[in-house]
Amino acid sequence: MALHFEQTALIRMNYWLMKSEPDVYSLQDLARDRHTVWDGVRNYQARNFLKSMQIGDLAFFYHSNTSPPGIAGLMQISQANLDDPSQFDPGSKYYDAKSTQEKPRWQTVQVEYEEEFAHFISLDRLRQEFQPDDLWVVRQGNRLSVIPVPEAIAMQILAIGRGKA
DNA sequence: GCCAACGTTGGC
DNA sequence: GCCAACGTTGGC
């Protein structure tokens with residue numbers, strides 16, 4: 001019945017951008033590992049975005065602090081709302097003494113490798129194509145490592161990365 | 001390596 | 001609750 005298709009169409013997909021320094025962990029590392037827990041985020045606004053992610057959401061993998069910086073590819077959220085294990089590990093640089101198993105402060109997601117873009121999209125290109133209010137990564141001074149991307153912008157990024165724009 | 005931007009901490 | 005000091009991010 002038609003109602004079935006209308007309900008299917010109500011499923012929401014959200015899009016994100018997540019930064020990593022490729023010297024620390026790159027898209028190519030994720031291609032090798034197939035999936036990884038995105039640990040180490042210690043900013044509350046970024047954590048809140050991580051907590052709102054749902055399985056099946058897509059995230060752009062952004063290479064930061066490298067030359068040139070930019071979007072290298074795509075990944076998919078494969079597990080949602082995990083407690084970041086590094087907060088409990090005294091040997092980790094991300095250890096948080098104020099976190100307990102009963103009251104963890106930091107949540108994250110598991111991401112799964114999706115694709116490496118045929119065309120790496122440099123920050124320069126992103127600045128040419130998008131406005132700071134539409135894509136926060138082109139805002140000057142923006143340091144958030146996890147940001148939402150509006151669907152219409154995400155569609156354009158996908159087209160550019162796949163060489164269809 | 002420099003440094004602007006900006007988040008966090010802690011004294012008051 | 002203010003805000004100076006401090007630490008970190010990340011482009012260049």
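Note that these values count all heavy atoms, side chains included, but never hydrogens, waters or copies made by symmetry. Numbered from 1 within each chain, the chains take letters A, B, ... in sequence-line order.
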Fit a plane to each ring of A:Tyr25 and A:Phe61, take the angle between them on a 0 to 90° scale, and name the class: parallel (under 30°), tilted (30 to 60°) or perpendicular (over 60°). parallel

A:Lys93 NZ to C:dT9 P, straight-line distance once rounded to whole Å: 7 Å

Using OP1 and OP2 only, check whether a side-chain N or O of A:Lys19 sits under 4.0 Å from C:dG10. yes

Nearest to side-chain heavy atoms of A:Arg143, which nucleotide of B:dG7, C:dT8, C:dC12: C:dT8

At under 4.0 Å between heavy atoms, what does A:Arg42 touch on the DNA or RNA strands: base, sugar-phosphate, or nothing? nothing

Could you state the OH-P distance from A:Tyr44 to C:dT8, rounded to the nearest angstrom? 16 Å

Any chance you could lay out the side chain to side chain donor-acceptor pair (under 3.5 Å) test for A:Tyr44 and A:Arg105, step after step, and finish with the verdict? CA-CA 9 Å; A:Tyr44 286 105; A:Arg105 303 170 107 190; 3.2 Å; yes

If you look at every heavy atom in A:Leu123 and A:Val137, which pair is closest and at what distance? CD1-O, 3.9 Å

What is the distance from CH2 of A:Trp106 to P of B:dG7, rounded to the nearest Å? 13 Å

By nearest atom, which of the nucleotides C:dC12, B:dT8, C:dG10 is closest to the A:Arg127 side chain? C:dC12

Do A:Ser86 and A:Trp106 make a side-chain contact, defined as non-hydrogen atoms from C-beta onward lying under 4.5 Å apart? no

Rounded distance (Å) that lies between atom C1' of C:dC12 and atom CD of A:Glu21: 14 Å

Name the residue from A:Ile77, A:Val37, A:Leu82 that meets the side chain to side chain contact (heavy atoms under 4.5 Å, CB included) definition with A:Val109. A:Ile77

How close do A:Asn142 and A:Trp136 get, heavy atom to heavy atom, and via which atoms? ND2-O, 3.3 Å

Could you check how far CG of A:Asn43 sits from C1' of C:dG7, rounded to whole Å? 14 Å

Distance check needed: B:dG7 P versus A:Ile147 CD1, whole Å only. 14 Å

Contact class for A:Gln140 vs. all strands (heavy atom < 4.0 Å): base, sugar-phosphate, or nothing? sugar-phosphate

Testing A:Met155, A:Glu151, A:Gln156 for side chain to side chain contact (heavy atoms under 4.5 Å, CB included) with A:Ile153, which one passes? A:Gln156

A:Tyr62 side-chain N/O to C:dT9 phosphate OP1/OP2 under 4.0 Å: no

So which protein N/O to nucleotides 1-6 of chain C N/O distances come out below 3.5 Å?
none

Counting only side-chain N and O atoms of A:Arg139, is one of them less than 4.0 Å from OP1 or OP2 of C:dT9? no

Just how far, in rounded Å, is C1' of C:dG11 from CG of A:Leu144? 16 Å

Spacing of A:Asp124 atom CG relative to C:dG10 atom P, expressed in whole Å: 17 Å

